[in-house]
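Let me begin by presenting the structure, written as structure tokens, before commenting on it.
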Amino acid sequence: MNPYLPHLAEIRKIIRETDANDVKTFEVVFLDEAVRKGFRYKPGQFAQVSVFGVEEAPISITSSPTQKGYLEFSIKRMGTVTTALHNATEGMIIGVRGPYGNSFPIEDMEGKNIIFIGGGIGLAPLRSLINFMLHEENRDKFEDIMIIYGARSPGDLVFKWELKKWEKREDVNYFVTVDKGDGKWRGRVGFVPAVLMEVAPSPKNAVAITCGPPIMIKFVIQNLQELGFTPEQIVTTLEMRMKCGIGKCGRCNIGSKYVCRDGPVFTYKELQVMPKEY
Amino acid sequence: MSEKVIQKNKMVDFLNELLKAYKVFAPVKRDHIVSFDAIQSSGEMLLNYLNSRIPPKEIFFPRSEKMFEYIRDDLIEVKEVLPSEERKVLFGIRPCDAKAILLLDKVFDSPDYQDPYYLRKRKETIFVGMGCDRPQSTCFCTSLGGAPFSEEGLDLLFTNIGDRFVVKGITEEGETLLEKYEQVFERAKKSDLDDKLNVEKEAVNRIKSKIALEKIEKRLDKMFEDSFWDRIYQKCLGCAVCTYLCPTCHCFDITDETMDTSGERFRAWDSCQFALFTLQASGHNPRMSGKERVRQRIMHKFNYFVKNYGEIACVGCGRCIKNCPVNFDIRQILLELVS
């Protein structure tokens, strides 16, 4: 097995997520049926996505393993690969290899209250776990589920088509906020860390999972600790420049940990003993 | 294991015999630079050399190599490009470089993912070492558990004792070579073996740099935030020659090169000493300045690699010292760190 060889996959559907059109969700299907069945992943893992003729980039898998037969990637236009993907049309063939990395510690989260705190496109990796937990097969394994999600503006909220479903569910405590509203916005206005303090989830038997811009994560972690969460109860997922995805090419390490292999998911307790180089 | 002797004038015969059965890589001088390359005739091999400028890692991990090709027309087709598995002899590798290959094995042949490009070339290779009878002033292998005549990672070891070599079979593969080509070897006399011991002793004595590195990993555990790095990185130009010529450095880039409807993905040596190495698409760079990058090089070799693979990723070959344009001497860094 050559771990560097991408499997061919078709972009079956492209969803425009933001008003600025800088985030799109790609529904992707492997061409080979055996690969489609064999590609087993867990929430929190990522894949290396190839655009032939451009390059490869590590992208978190935003679909949940409970969605069978296809993968979803939500991608912000940033560099060469993501720009090429944004220029793609439905039907284009790309390459996908993986899944890579550890995953969210799902077993440790069973029987607990779960608090998701996401900002902007940082919701993409969390969404895999949210939909996994909300799936009928798994919902009973977890206690209360809370989602706090924010973006810069209403137009920057991603997965709007799905946020509504979460909001309507009786078994989800859902809070959405924007840094700055517009004429039509009737919801909450305020930064995610501030909303977290307003909502003030209890740390008792709880795990908080956060992903978003570095500055948001920094204040979310501070505030969670103020609310009484211990470093073990705080989980986040990191990004780094990557090439191989399998712990060999040497660029995504933070200290002795390779984000591609030992991460991308770390508890705050783990991060505390790692060098501050991310 | 057995020890034999070969007269220097018989070396040509031995190499010619090897060339019939194996692809032979040996030190050669091309464009004034000594490196390892496949030879077609025994005459190409350089016997009188200190060490190669370019480490022999490039035989298994070339500067640039194709990983696969693809066609991107109406259909996309990916064609895997794997190196052929052939029986090879790596002739004349120094013990420090042989040890370095064992360190690279840990990375490319780790239990989780095996790297087929490296392993296909690496397998079926017989390592014929040439003991280091003239260590240079920049050598410090003995500080890293090595020695000029260390047998680690070798199948055969040659020791130069004047007009002949003492040849020691170290592994079964090495012994098989001694038997297969017995016509070129002679029985080693007691005086030959005494000569060999003397050469070894003299070589060890030539190595003046001694650094006690037993505690370096623990020491570095506490050094990440230290102002030490602010000082030592200043003179580094970030040219990365230290990492390119390092026999244990293995960082690489993966990139595509495309023509109209076809393309290829290849990998090439990369270096933690370059700013682009860790630059993210957002513009954020976790290793922004030379300070972080010099720190990464030292930490990776003497702390991170030890944590991941149980050994220091340096063999004391001295190439980074010898080739640095600004005389950045890793031994001074290490001495400061352990003192």
Side-chain angles (χ1 to χ4, degrees), chain A residues 1-10 31 48 50-58 76-84 92-95 97 100 121 213-214 238-262 273-278, chain B residues 67-68 70-72 74-78 80 82 107-108 110 112-118 221 224-225 243 249-263 265 267 270-272 276-287 292 295-296 299-300 303-309:
Chain A
M1 249 311 273
N2 185 341
Y4 298 100
L5 271 193
H7 302 294
L8 295 182
E10 183 188 343
L31 299 188
Q48 282 285 0
S50 281
V51 178
F52 295 102
V54 185
E55 239 179 61
E56 227 177 8
K76 186 163 183 166
R77 193 176 61 233
M78 283 303 245
T80 49
V81 175
T82 54
T83 301
M92 186 172 118
I93 305 295
I94 58 171
R97 61 184 176 98
Y100 296 127
I121 183 68
L238 301 179
E239 55 180 9
M240 278 291 221
R241 183 165 190 173
M242 291 176 190
K243 288 286 179 174
C244 73
I246 55 176
K248 306 204 188 297
C249 82
R251 75 195 62 226
C252 72
N253 68 301
I254 301 172
S256 62
K257 303 285 182 205
Y258 279 87
V259 174
C260 70
R261 187 193 61 195
D262 305 309
V273 295
M274 280 156 64
K276 303 286 162 285
E277 197 177 48
Y278 45 88
Chain B
M67 304 173 91
F68 57 84
Y70 50 83
I71 298 165
R72 44 175 204 132
D74 296 336
L75 273 173
I76 289 193
E77 209 181 302
V78 173
E80 188 178 21
L82 283 175
V107 176
F108 290 115
S110 61
D112 51 355
Y113 292 102
Q114 291 79 45
D115 188 294
Y117 304 98
Y118 176 88
D221 276 344
F224 191 84
E225 305 283 357
T243 54
C249 274
H250 54 271
C251 290
F252 58 87
D253 189 14
I254 298 177
T255 185
D256 284 30
E257 216 165 68
T258 39
M259 307 288 271
D260 191 19
T261 54
S262 65
R265 179 158 300 162
R267 72 166 165 202
D270 203 348
S271 171
C272 60
L276 287 179
F277 189 63
T278 46
L279 179 68
Q280 297 175 10
S282 63
H284 173 64
N285 193 345
R287 296 186 207 129
E292 290 84 16
R295 179 175 63 192
Q296 166 66 19
M299 292 294 275
H300 190 192
N303 182 276
Y304 307 156
F305 200 90
V306 185
K307 289 193 196 303
N308 279 321
Y309 300 109

request  = Measure across B:N308 and A:S256 and return the closest heavy-atom pair with its distance rounded to 0.1 Å.
outcome  = ND2-O, 2.9 Å
key: Distance-minimising heavy-atom pair for B:C272 and B:F277   = CA-CD2, 3.5 Å
Can you tell me which portion of [X] sits under 4.5 Å from chain A's heavy atoms? Options are side chain, backbone, both or neither.
X	answer
B:F224	side chain
B:L82	side chain
B:S262	neither
B:E292	both
B:Y70	side chain
B:Y118	neither
B:N303	neither
B:D253	both

remark   = Most heavy-atom pairs under 4.5 Å with chain B, out of A:E277, A:M240, A:M78, belong to A:E277
key: When A:C249, A:P275, A:G250 are compared by non-hydrogen pairs under 4.5 Å with chain B, the top option   = A:C249
query = Below 4.0 angstrom, N of the basic side chain to O of the carboxylate: do A:K248 and B:D115 qualify?
reply = no
Heavy-atom donor-acceptor pair, [X] side chain to [Y] backbone, under 3.5 Å:
X	Y	value
A:K243	B:R267	no
A:Y100	A:Q48	no
A:R251	B:C251	no

task = Quick one: which of B:E257, B:E80, B:H250 has the most heavy-atom pairs under 4.5 Å with chain A, could you say?
result = B:E80
task = With a 4.5 Å cut-off on heavy-atom pairs, point out which of B:E77, B:R265, B:M259 contacts chain A the most.
result = B:R265
inquiry  = Once rounded to the nearest 0.5 Å, what's the spacing between atom CZ of A:R77 and atom CD1 of A:I121?
reply    = 12.5 Å
What part of [X] gets within 4.5 angstrom of chain B, counting heavy atoms only: side chain, backbone, both, or neither?
X	value
A:S50	both
A:V51	backbone
A:Y278	backbone
A:I93	both
A:V54	backbone

ask   = Taking it one step at a time, do A:K76 and A:T82 satisfy side-chain contact (heavy atoms from CB on, under 4.5 Å)?
value = CA-CA 7 Å; A:K76 186 163 183 166; A:T82 54; over 6 Å; no
query = So B:F252 and B:F108, would you call those rings parallel, tilted or perpendicular, with 30° and 60° as cut-offs?
reply = parallel
Residue pair B:T255, A:E55: steps toward the side-chain contact (heavy atoms from CB on, under 4.5 Å) verdict = CA-CA 6 Å; B:T255 185; A:E55 239 179 61; 3.3 Å; yes
inquiry  = For B:D112 and B:S110, which I'm curious about, is there any donor-acceptor pair between the side chains at under 3.5 Å?
reply    = yes
